Amino acid sequence: MISVGIEGTAHSIGSGIVKNVNGSCHVLSNIIKTYHPKKGGIHTREAANHHAEHLADVIAQSVKQAHLSYSDIDLISFSQGPGLGPCLRTTATAARALSLSIEKPLIGVNHCVAHLEIGRGTLDACTDPVLLYTSGANTQVIAFAEGKYRVFGETLDIGIGNCLDKFGRGIGLEFPSGPKLEKLALQGTEYLELPYSIKGMDIAFSGLLTAAEQLVAKKKRIEDICYSIQETAFAALTEVTERAMAHTEKSEVLLGGGVASNKRLRSMVETMAQERNASFFVPAQDLCIDNGAMIAWLGFLMYDSGVRMTLEESSINQRFRTDMVEVTWRD
Ligand code: AMP
Ligand code: MG
């Protein structure tokens with residue numbers, strides 16, 4: 001079965017094609033195109049216009065790169081939520097149009113669950129992980145428990161990526177500033193105290209952001225501030241992830257989302273895993289960020305387990321929660 005997945009929840013669009021090889025996900029193509037705002041953060045309407053302009057091309061490229069034609073496609077999946085309304089609507093419209101024109105079934109999938117399933121699908125030893133999903137807008141610790149993917153901890157305010165991007169914008173860095181902050185942090189030598197906000201299993205980042213901005217106003221070294229932001233925020237993320245692993249008695253941890261590219265975050269989580277005798281996994285870079293292949297793979301798993309979706313059921317859901325998904329493809 002050849003499954004194409006269309007992603008477009010936020011600033012990136014993607015079209016990926018996968019096939020199932022003995023229960024593993026084989027990626028045939030995975031094209032990603034990102035909207036870069038001219039200045040400031042993501043403007044949702046502009047992002048959606050970018051997606052509308054480029055989606056048809058991105059889908060065509062993914063078909064070509066997989067050495068297929070449209071008639072080879074058996075299933076079309078798309079990210080139904082959570083995400084930015086205008087972006088989700090544009091993506092869903094493209095997916096519906098493709099489904100109608102090639103007369104193949106359509107499945108809407110949960111974006112956060114797709115980040116977890118692509119790890120299980122492409123990394124053989126990764127079977128039942130706790131996912132630390134750190135992206136621009138989303139920050140969640142997710143694991144399978146009692147028949148569902150459940151959120152064990154999450155941000156109470158902004159996503160970790162947004163926190164890094166907002167701080168970066170304030171000091172004049174271009175969007176996305178996460179990678180630039182990572183470079184600056186390498187030159188940091190002094191740890192500056194910042195709020196470490198964990199409430200139960202949840203985390204808050206806006207207090208840390210405000211305090212970091214105050215350090216800028218006090219003319220502290222930018223490199224030290226970046227270093228301190230990373231040390232504080234990533235330690236909090238690692239702590240919540242470890243508690244979820246202890247609670248669920250799972251021995252695998254998986255990273256997902258754009259911030260998972262960060263080497264300091266990786267090393268903190270990897271150290272935690274080693275100390276617990278657990279396995280540490282990160283998907284390939286293009287499967288870690290927002291991408292179509294992960295959407296295609298989850299759509300395939302759902303379809304294969306009997307899920308069907310009518311056009312009416314394919315409406316988007318900006319607040320599509322991870323634990324709203326009925327998990328029919330595993331136990
Ligand atoms: P996503 O929303 O999953 O596409 O991820 C985008 C977010 O990842 C943005 O907020 C980026 O600033 C952030 N990001 C990307 N690379 C890095 C990095 N190396 N370190 C920290 N954040 C990063
Ligand atoms: Mg994502």
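Only a predicted model underlies this, so the values are computations on that prediction, with no experimental measurement involved.
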Does the side chain of [Y] come within less than 4.5 Å of [X]'s, by heavy atoms?
| X | Y | value |
| --- | --- | --- |
| P195 | T232 | no |
| L311 | L100 | yes |
| F280 | L255 | yes |
| P82 | C112 | yes |
| N291 | D286 | no |
| F205 | T139 | yes |
| V282 | R266 | yes |
| V327 | F144 | yes |

In terms of heavy-atom contacts, does [atom1] of [X] have more than 12 from other residues, nucleotides or ligands at under 6.0 Å?
| X | atom1 | result |
| --- | --- | --- |
| K180 | NZ | yes |
| E174 | CD | no |
| K166 | NZ | no |
| R319 | CZ | no |

Determine the minimum heavy-atom distance between [X] and [Y], stating which atoms define it.
| X | Y | result |
| --- | --- | --- |
| M294 | L287 | SD-O, 4.5 Å |
| S77 | V109 | CB-CG1, 4.3 Å |
| P129 | R120 | CD-CG, 3.9 Å |
| S177 | G168 | OG-CA, 3.4 Å |
| V240 | G153 | CG1-CA, 4.2 Å |
| A244 | V141 | CB-CG1, 3.6 Å |

Are the side chain of [X] and the backbone of [Y] linked by a donor-acceptor contact shorter than 3.5 Å?
| X | Y | answer |
| --- | --- | --- |
| R321 | V151 | no |
| R96 | S314 | yes |
| R150 | I142 | no |
| T9 | G83 | no |
| N30 | A293 | yes |
| T134 | G257 | no |
| D72 | S69 | yes |
| S228 | D224 | yes |
| S99 | K104 | yes |
| R276 | K250 | no |

*Evaluation steps, side chain to side chain donor-acceptor pair (under 3.5 Å), between S79 and E7*: CA-CA 5 Å; S79 42; E7 158 61 28; 3.1 Å; yes
Give, for atom [atom1] of [X] and atom [atom2] of [Y], the distance between the pair rounded to the nearest 0.5 Å.
| X | Y | atom1 | atom2 | value |
| --- | --- | --- | --- | --- |
| D57 | I31 | CG | CD1 | 10.0 Å |
| I6 | T90 | CD1 | OG1 | 12.0 Å |
| Q140 | D202 | CD | CG | 10.0 Å |
| N138 | H111 | CG | NE2 | 6.0 Å |
| L192 | Q214 | CG | CD | 13.0 Å |
| E252 | F281 | CD | CZ | 5.0 Å |

_Full working for side chain to side chain contact (heavy atoms under 4.5 Å, CB included) between M309 and Q80_ = CA-CA 12 Å; M309 198 170 274; Q80 203 168 10; 3.8 Å; yes
*Contacts of E182 that satisfy salt bridge (charged side-chain N to carboxylate O under 4.0 Å, His left out) - sequence neighbours left out*: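 For E182 there are no salt bridge (charged side-chain N to carboxylate O under 4.0 Å, His left out) partners, ignoring immediate neighbours.
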_Derivation and outcome, salt bridge (charged side-chain N to carboxylate O under 4.0 Å, His left out), residues E231 and R264_ = CA-CA 8 Å; E231 293 303 301; R264 183 60 185 139; 2.7 Å; yes
*Do Y227 and T189 get their side chains close enough for a donor-acceptor pair, meaning under 3.5 Å?*
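On atom types as modelled, these side chains do not qualify, holding no pair under 3.5 Å.
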*Walk me through it: do S305 and T328 pass the test side chain to side chain donor-acceptor pair (under 3.5 Å)?*
CA-CA 6 Å; S305 68; T328 48; 2.7 Å; yes
*side chain to side chain donor-acceptor pair (under 3.5 Å) between H11 and D290: does it pass, once the steps are laid out?*
CA-CA 9 Å; H11 54 78; D290 289 350; 5.3 Å; no
Are [X] and [Y] linked, directly or through other ILVMFWY residues, by side chains that come within less than 4.5 angstrom of each other?
| X | Y | answer |
| --- | --- | --- |
| Y133 | M324 | yes |
| V18 | I107 | yes |
| L298 | I295 | yes |

_Which residue is it: T155, D157, N162? I am looking for the one with a side chain to side chain donor-acceptor pair (under 3.5 Å) to S206._
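The passing option is D157.
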*asked:* Do the side chains of K148 and D323 get close enough for a salt bridge, i.e. N-O under 4.0 angstrom?
replied: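 D323 and K148: not salt-bridged.
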*Kindly indicate, with the supporting measurements, whether the criterion side chain to side chain contact (heavy atoms under 4.5 Å, CB included) is fulfilled by L28 and I2.*
CA-CA 9 Å; L28 302 178; I2 299 287; 3.9 Å; yes
*Yes or no on side chain to side chain donor-acceptor pair (under 3.5 Å) for S12 and T34, after CA distance, side-chain angles and deciding distance?*
CA-CA 4 Å; S12 296; T34 302; 3.0 Å; yes
*asked:* Between F234 and I160, does the side chain to side chain contact (heavy atoms under 4.5 Å, CB included) criterion hold? Intermediate values first, please.
replied: CA-CA 9 Å; F234 296 168; I160 176 63; 4.2 Å; yes
*Kindly indicate, with the supporting measurements, whether the criterion side chain to side chain contact (heavy atoms under 4.5 Å, CB included) is fulfilled by L208 and I229.*
CA-CA 7 Å; L208 176 146; I229 291 173; 3.9 Å; yes
*So H50 and Y35, would you call those rings parallel, tilted or perpendicular, with 30° and 60° as cut-offs?*
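The arrangement is tilted - the two ring planes meet at 30° to 60°.
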